[in-house]
Structures are given as structure tokens and as C-alpha cells.
Amino acid sequence: NAGVTQTPKFQVLKTGQSMTLQCAQDMNHNSMYWYRQDPGMGLRLIYYSASEGTTDKGEVPNGYNVSRLNKREFSLRLESAAPSQTSVYFCASSPPDGWDEQFFGPGTRLTVL
Amino acid sequence: QKEVEQNSGPLSVPEGAIASLNCTYSDRGSQSFFWYRQYSGKSPELIMFIYSNGDKEDGRFTAQLNKASQYVSLLIRDSQPSDSATYLCAASGASGSARQLTFGSGTQLTVLP
């Protein structure tokens, strides 16, 4: 099993550009999550999906949209990137019969100029 | 607002010593508690979780939970330089359509050879 995979690993955007961060898991997990991590701020939840076809806002959803394409894939879209969205983005998934533990992908380091 | 508090450190211990990492949480409804290790430039890796009061041991790691005091700790015995990392504490809770984790900002641990 590859676990949770994310693409791309690195990305540089100009202000106003758009892009989609991809996430996939092969562990048959129901719940998936998108976080951003900034220095000194810890992990902050952007959006999450409890199951295929459902998505909900987390703590910091402004400027982002998500799509739960199927059970495996959960994408995060920046429609008009801003310098404040410079961050490291992590996708995570959680098994349906566990204790709420989450498993993380390798992350995408995004810089918006 | 649910909060998880950790001392940001940095915490330095000599090789072979016991490292003690502490965490408090605000939501009395939290059921499970997690310790993640994050090496610089890498994603968080789950190392332990605990859901019952008391101690839980796994190799050199011991997690301790005191729900009355809303306190979680992680002890690392016989610390090694390879344990040098940031340790994130997280608490689970129900909010919206899926279980979520609230993360602390992390404690940076350095083990000195």
C-alpha cells in the first residue's frame, strides 16, 4: 500500500493563479482531511470529507474549495492564489473503525509570489 | 473553541536521558489523544495514541492520560539523537459530519549526543 499520496511536492504560483492539489489514499478510509501548516501555527484544518459525496468546512476554509471525487481521492483547489496561502499543505485520511487516528501524506510545499 | 496547548520548547536532553513532553486540552468531550512525530521538512507520523486514563507503553515510548486534569504526556526513555524532531499532540472530538483532531503547535525536541 502506498498510503496517502499527494501531488505535486512543490509548487510556485504567482498571485491570482489557480491550481489544484491532489490527494489519494489506498487504505479504504472513509474520512479525508486537508490541513495547512505554518511556522508556529500548528496544523489547521481547511476542509474535510466524512465520506464520498460529502465535504465540510474546517477552521480556515476561505480561499479554498474541495472535491471528493470518489472514496480514494480528495482534491483542494485554490481559485485565485494569494501570498497568505504560502504554506505546507497536508492531506490525511482516517479509518472507519479506528480511534480517530489520521495518517498523513508527504505534503505539498506551496509558495505564492 | 477547542484548544490543545503544548510548550513550544525547544526542549534539549542528553542522549540516554528521559524526555518528557506535555500537553493540555480544553474539550472534556475528547475521547482519544495522539502523539505525532514530525521531522523537519517531513509529514507528521503517528507514534502513539491513548484513550484510557493511565499509562500506555510501546517500546521506549510511554503515553500518559489524566482526563480529570485534561493532561496528556509522552515520555521517551533512552533518548536517541534520532528522536530529535517536533512532537505534536492532538485530541479527537466530534464536530460536524466527521471526527476531527485538534492539534497543538508542537514541542521541538533536541537530543544531544
Side-chain angles (χ1 to χ4, degrees), chain A residues 2-6 9-10 21 23 25 27 29-61 66 68 74 87-109, chain B residues 1-10 21 23-27 29-52 56 58 63 65 67 72 85-108:
Chain A
V4 181
T5 57
Q6 293 183 237
K9 287 185 170 54
F10 301 94
L21 281 65
C23 173
Q25 52 88 14
M27 298 177 285
H29 290 175
N30 289 343
S31 299
M32 298 184 73
Y33 307 82
W34 275 106
Y35 293 91
R36 61 177 290 173
Q37 187 175 40
D38 303 293
M41 299 289 290
L43 286 160
R44 293 185 292 169
L45 183 64
I46 305 171
Y47 270 94
Y48 63 97
S49 170
S51 61
E52 182 179 354
T54 67
T55 61
D56 283 289
K57 296 178 180 179
E59 179 187 356
V60 288
V66 290
R68 184 73 183 267
F74 188 37
S87 188
V88 181
Y89 291 85
F90 291 105
C91 177
S93 68
S94 183
D97 54 355
W99 285 91
D100 303 332
E101 65 271 29
Q102 294 181 15
F103 299 92
F104 285 80
T108 295
R109 188 172 296 272
Chain B
Q1 184 174 350
K2 300 172 186 176
E3 294 183 341
V4 174
E5 300 285 345
Q6 296 180 252
N7 290 330
S8 61
L21 305 165
C23 170
T24 59
Y25 60 95
S26 65
D27 181 12
S30 294
Q31 296 181 356
S32 309
F33 305 87
F34 304 85
W35 285 101
Y36 286 83
R37 178 176 61 201
Q38 187 174 24
Y39 292 115
S40 180
K42 300 296 185 181
S43 61
E45 173 192 10
L46 179 65
I47 54 173
M48 286 202 72
F49 70 91
I50 187 168
Y51 49 85
S52 299
K56 179 182 179 182
D58 184 0
L65 174 61
K67 290 187 176 180
V72 190
T86 296
Y87 290 80
L88 303 173
C89 175
S92 74
S95 178
S97 58
R99 304 286 296 176
Q100 298 178 27
L101 297 185
T102 300
F103 286 85
S105 56
T107 298
Q108 185 178 347

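Residue numbering restarts at 1 for every chain, and letters A, B, ... go by the order of the sequence lines.
- Side-chain atoms of Phe34(B) and Asp100(A), non-hydrogen and from C-beta on, do get closer than 4.5 Å to each other.
- Interface remark: of the candidates Glu45(B), Lys42(B), Gln38(B), Gln38(B) forms the most heavy-atom pairs closer than 4.5 Å to chain A.
- Side-chain atoms of Tyr36(B) never come within 3.5 Å of backbone atoms of Phe103(A) as a donor-acceptor pair (strictly under, hydrogens ignored).
- Here the CD-CG distance, from Gln100(B) to Asp56(A), works out to 8.0 Å after rounding to the nearest 0.5 Å.
- The shortest distance between side-chain heavy atoms of Tyr35(A) and Leu101(B) falls below 4.5 Å.
- Looking at every heavy atom in both residues, Phe104(A) comes nearest to Pro44(B) through CB-O, 3.7 Å.
- How far OG1 of Thr102(B) is from CZ of Arg44(A): 13.5 Å, rounded to the nearest 0.5 Å.
- Contact of Leu45(A) with chain B is made through the side chain alone, with heavy-atom distances under 4.5 Å.
- Ranked by heavy-atom pairs shorter than 4.5 Å toward chain A, the options Ser43(B), Gly106(B), Ser105(B) are led by Ser43(B).
- In this structure, Tyr51(B) OH and Glu101(A) CD are separated by 10.5 Å, a value rounded to the nearest 0.5 Å.
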